[in-house]
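The figures here come from the full heavy-atom set of this structure, side chains too, leaving out hydrogens, waters and symmetry mates.
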Amino acid sequence: MFDRDRMSEELRTLKVDVTRLLSTAGEEMFESSKDRAEALADQIRAALAELGETVEEEQEQLRGLIADRPIASLASAFALGVVVGFMLRRH
């Protein structure tokens, strides 16, 4: 009526099948995650490159401003330093 050996064999087969399915699903999820991570990394690289270009442009404009008006730039920097010093001293 109840075949113990047959049931054990079926359970072993089921275990092998489940392990294989989980392994395959895990590999697929890993590949999918890896692809998403690479796409995100590419987007970050592009954003950083664009930011670098923008910073370089702003830096050149700032250098031009300082070169055109050195006294005004020096006075502005001094005033900003005084204001920040007062703010830090209060706290």
Side-chain angles (χ1 to χ4, degrees):
M1 193 194 259
F2 183 71
D3 189 2
R4 209 176 155 108
D5 292 333
R6 184 172 170 233
M7 184 63 83
S8 292
E9 183 61 35
E10 286 184 26
L11 283 174
R12 273 189 238 117
T13 304
L14 181 62
K15 180 181 173 184
V16 169
D17 289 344
V18 168
T19 302
R20 190 177 309 131
L21 284 172
L22 289 176
S23 175
T24 303
E27 289 173 6
E28 289 174 3
M29 288 189 326
F30 174 75
E31 287 299 321
S32 175
S33 297
K34 183 179 173 184
D35 292 342
R36 287 185 203 155
E38 287 175 356
L40 181 61
D42 290 341
Q43 289 176 348
I44 291 171
R45 281 188 208 106
L48 287 175
E50 186 177 327
L51 179 64
E53 292 172 5
T54 303
V55 167
E56 285 180 16
E57 292 170 5
E58 294 297 322
Q59 185 178 10
E60 290 301 319
Q61 287 180 349
L62 186 59
R63 282 186 182 157
L65 263 171
I66 292 172
D68 291 344
R69 300 182 182 135
I71 300 297
S73 299
L74 185 61
S76 297
F78 178 76
L80 181 63
V82 169
V83 169
V84 169
F86 279 128
M87 290 175 64
L88 290 176
R89 198 164 89 174
R90 283 184 162 188
H91 294 286

Report, one line per pair, each donor and acceptor closer than 3.5 Å where one atom sits in a side chain of residues 51-60; sequence neighbours left out.
from: Thr54; atom 1: OG1; to: Glu50; atom 2: O; distance (Å): 3.0
from: Glu60; atom 1: OE2; to: Arg63; atom 2: NH1; distance (Å): 3.4

Validation: residues 65-72 side-chain donor-acceptor distances under 3.5 Å, sequence neighbours left out:
none

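Here the CG-CG distance, from Asp35 to Leu40, works out to 12.5 Å after rounding to the nearest 0.5 Å. A distance of 9.5 Å separates CZ of Arg45 from CG of Leu48, quoted to the nearest 0.5 Å.
Connection of Leu74 to Val82 is not established within any shared hydrophobic cluster, with ILVMFWY side chains joined at heavy-atom distances below 4.5 Å, either directly or through further cluster members.
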